[in-house]
Number of protein chains: 2
Amino acid sequence: MRVSDLKEAAAGKEKPLKYVLLAGIYNEPRSGYELTKWLQMVGQHCWSVEHSSVYPALRELEKDELIQSERLPGTRGPDRSIYSMTAAGLDKLRAWVANGSPRPAIKDEQILRVLCFDLLPRETALQQIREVRADHQVQLEFFLARQAMLTERQLGPLLVARRGVLAEQAYIAWCDEVADMIARRPA
Amino acid sequence: MRVSDLKEAAAGKEKPLKYVLLAGIYNEPRSGYELTKWLQMVGQHCWSVEHSSVYPALRELEKDELIQSERLPGTRGPDRSIYSMTAAGLDKLRAWVANGSPRPAIKDEQILRVLCFDLLPRETALQQIREVRADHQVQLEFFLARQAMLTERQLGPLLVARRGVLAEQAYIAWCDEVADMIARRPA
DNA sequence: CTCGCCATGTAACTCGTTACATGATTTC
DNA sequence: GAAATCATGTAACGAGTTACATGGCGAG
């Protein structure tokens, strides 16, 4: 047993991913597969993971009795394990939600590319930023659609979608400014 | 030698961090220490790293002759190695800038907390989102100040700062919407 | 004279990804 | 009957962090 395990056991600390998954099954019970898809689509602007991280984490959460699973026949496919919260899990989640978050961590190479845009011919740079803009436009439409299908009854999911909308709009606005400045710059 | 090394050597591929560092010394020569600070402040919204990743990466870049170092006496402290681009490095960087980027990767626990805000008493939730807002307000002011000190002569740095401004404004706007909705919700 | 910043470096560890594996079901 | 999606799992690997380590210099 490692030192970090002892610390975790003492403080009752779990790694971020576990809380992400708890948050994912809080609003509705989900399978590992569904959680993965949910994070990659609805939650790409907060936290994205591969399924290979999800399944082991879920098993640990269940072992600690923070979640419980129920085996259900797949609607169109094999059976899946649907996980739902336990009382202990809800307490853990509540405690986490009440805490402060570290700053969002972002890895965005595109901004660094723009930093060096004077290395490219104007037309190449413009073309690239147009593609990036188009990509974020697609994302924006996805979040707008999601926003439209949610009401204030599901306040949490609505606000998450809303964040997607605002984030993508801001990114698109930036792309437009970049395109403007590049077009305007001395060749 | 690993398989990935062979592939890299064949394709001339480097890991993202290396390009980030190349981009960092492109506009002005910098030391490892300065690159670290620069990424943590000016570049926190694109790419953040610890110094322990930076120094080894710089040595590899120098070994591959993509950058070169010059030993200079520290202005207020010990000597440092200032790295600058080589012709080969500039070519590498240009090729990278011309490529497309993967989607920005974001890890933001706060959005997931908001997803579960109905676990908290209204006042607690409001308090938390106010703190988050304040934090982003500080960041916004930093980017605004940076924006103000840059001209269109340094188009790259200006556009990077501009992205910081727009991103923080969008985050603050979201915080305000969250606060509004929480305040309005049935207790 | 101590604290904090400048400046660089290494080792252990952790998290998550990529790649490998399996197999059922549905759609074309 | 081939391809795509559903569904879960493991092993090897990689990138980066935390923690450890060192030392000069300036400010209070």
Side-chain angles (χ1 to χ4, degrees), chain A residues 1-8 13-21 29-41 43-44 47-62 69-83 102-103 105-107 109, chain B residues 1-8 13-21 29-41 43-44 46-63 69-83 102-103 105-107 109:
Chain A
M1 185 183 265
R2 291 155 302 146
V3 182
S4 60
D5 283 341
L6 291 169
K7 271 193 214 151
E8 273 173 31
K13 277 249 173 184
E14 309 286 352
K15 10 193 110 153
L17 174 59
K18 299 225 196 154
Y19 290 107
V20 171
L21 295 176
R30 287 187 164 106
S31 69
Y33 186 84
E34 286 167 334
L35 278 166
T36 307
K37 292 294 163 192
W38 172 72
L39 283 172
Q40 287 171 357
M41 293 290 288
Q44 11 119 3
W47 203 282
S48 206
V49 270
E50 299 301 317
H51 73 267
S52 54
S53 325
V54 171
Y55 292 114
L58 285 172
R59 253 174 288 129
E60 281 178 56
L61 284 168
E62 189 172 27
S69 66
E70 193 189 357
R71 196 79 189 164
L72 288 183
T75 41
R76 52 187 178 293
D79 293 0
R80 58 250 145 85
S81 296
I82 304 292
Y83 292 92
R103 296 259 181 80
I106 303 162
K107 297 271 152 112
E109 296 179 31
Chain B
M1 186 181 263
R2 291 155 301 148
V3 181
S4 59
D5 283 341
L6 291 169
K7 270 192 214 153
E8 272 174 32
K13 277 249 176 188
E14 310 286 352
K15 16 194 106 152
L17 173 59
K18 299 227 196 151
Y19 290 107
V20 170
L21 295 176
R30 287 188 165 105
S31 69
Y33 186 84
E34 286 166 335
L35 277 166
T36 307
K37 292 294 163 192
W38 172 72
L39 283 172
Q40 287 171 356
M41 293 289 288
Q44 12 118 4
C46 350
W47 203 283
S48 206
V49 272
E50 298 302 317
H51 72 268
S52 54
S53 323
V54 171
Y55 293 114
L58 285 172
R59 254 174 287 132
E60 281 178 55
L61 285 169
E62 189 172 27
K63 195 193 64 197
S69 66
E70 192 189 357
R71 196 79 188 165
L72 287 184
T75 41
R76 53 187 177 291
D79 293 2
R80 58 250 147 83
S81 296
I82 304 293
Y83 291 92
R103 295 259 181 80
I106 302 162
K107 299 271 152 110
E109 296 179 30

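Lettering follows sequence order; numbering is per chain, from 1. As the structure is a prediction and not an experimental result, all values here were calculated from the model.
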Smallest heavy-atom separation, A/Val54 atom then A/Gly32 atom, equals CG1-O, 3.8 Å
Trace of the side chain to side chain contact (heavy atoms under 4.5 Å, CB included) decision for B/Leu35 with B/Leu58: CA-CA 10 Å; B/Leu35 277 166; B/Leu58 285 172; 3.8 Å; yes
Considering non-hydrogen atoms only, spot the tightest contact between A/Met41 and A/Gln44 and give its length. O-CG, 3.0 Å
Rounded interatomic separation in angstrom, taking CD from B/Glu50 and C1' from C/dA7: 15 Å
B/Tyr83 or A/Leu17, whichever maps to the more 5' nucleotide of DNA chain C: B/Tyr83
Hey, what do you get for OG1 (A/Thr36) to CG (A/Leu21), rounding to the nearest 0.5 Å? 8.0 Å
Integer-rounded Å distance: D/dT8 P and A/Glu70 CD: 13 Å
So, the side chain of A/Glu62 versus the backbone of A/Ser69: is there a donor-acceptor pair under 3.5 Å, distance only? yes
CG of A/Leu39 versus P of C/dG16: gap in Å, rounded? 11 Å
Atom pair distance, as rounded to whole Å: CD1 in A/Ile82 and P in D/dC6: 13 Å
Please determine if a side-chain N or O atom of A/Lys15 lies less than 4.0 Å away from the OP1 or OP2 oxygen of C/dT14. no
Would you mind reading off the distance between A/Lys18 atom NZ and C/dG16 atom P, rounded to a whole angstrom? 11 Å
Between A/Glu34 and A/Arg80, is the side chain to side chain contact (heavy atoms under 4.5 Å, CB included) condition met? List the steps. CA-CA 10 Å; A/Glu34 286 167 334; A/Arg80 58 250 145 85; 3.7 Å; yes
Would one find a side-chain N or O of A/Tyr33 under 4.0 angstrom from OP1 or OP2 of D/dC6? yes
Check the pair B/Arg30 / B/Trp38 against side chain to side chain contact (heavy atoms under 4.5 Å, CB included), numbers first and verdict last. CA-CA 9 Å; B/Arg30 287 188 165 105; B/Trp38 172 72; 3.4 Å; yes
How far does OG of A/Ser31 sit from OH of A/Tyr55, to the nearest 0.5 angstrom? 6.0 Å
Salt bridge A/Glu14-A/Lys18, side-chain N to carboxylate O under 4.0 Å: yes
The helix from C/dC1-D/dG28 to C/dC28-D/dG1: angle between its terminal axes, five pairs each, to 10°? 40°
Walking DNA chain C from its 5' end, the first of B/Lys107 and B/Glu34 to be reached, judged by nearest nucleotide, is B/Glu34
So, with a heavy-atom separation below 4.0 Å from DNA chain D, the residues of residues 52-63 of chain B are B/Ser52, B/Ser53
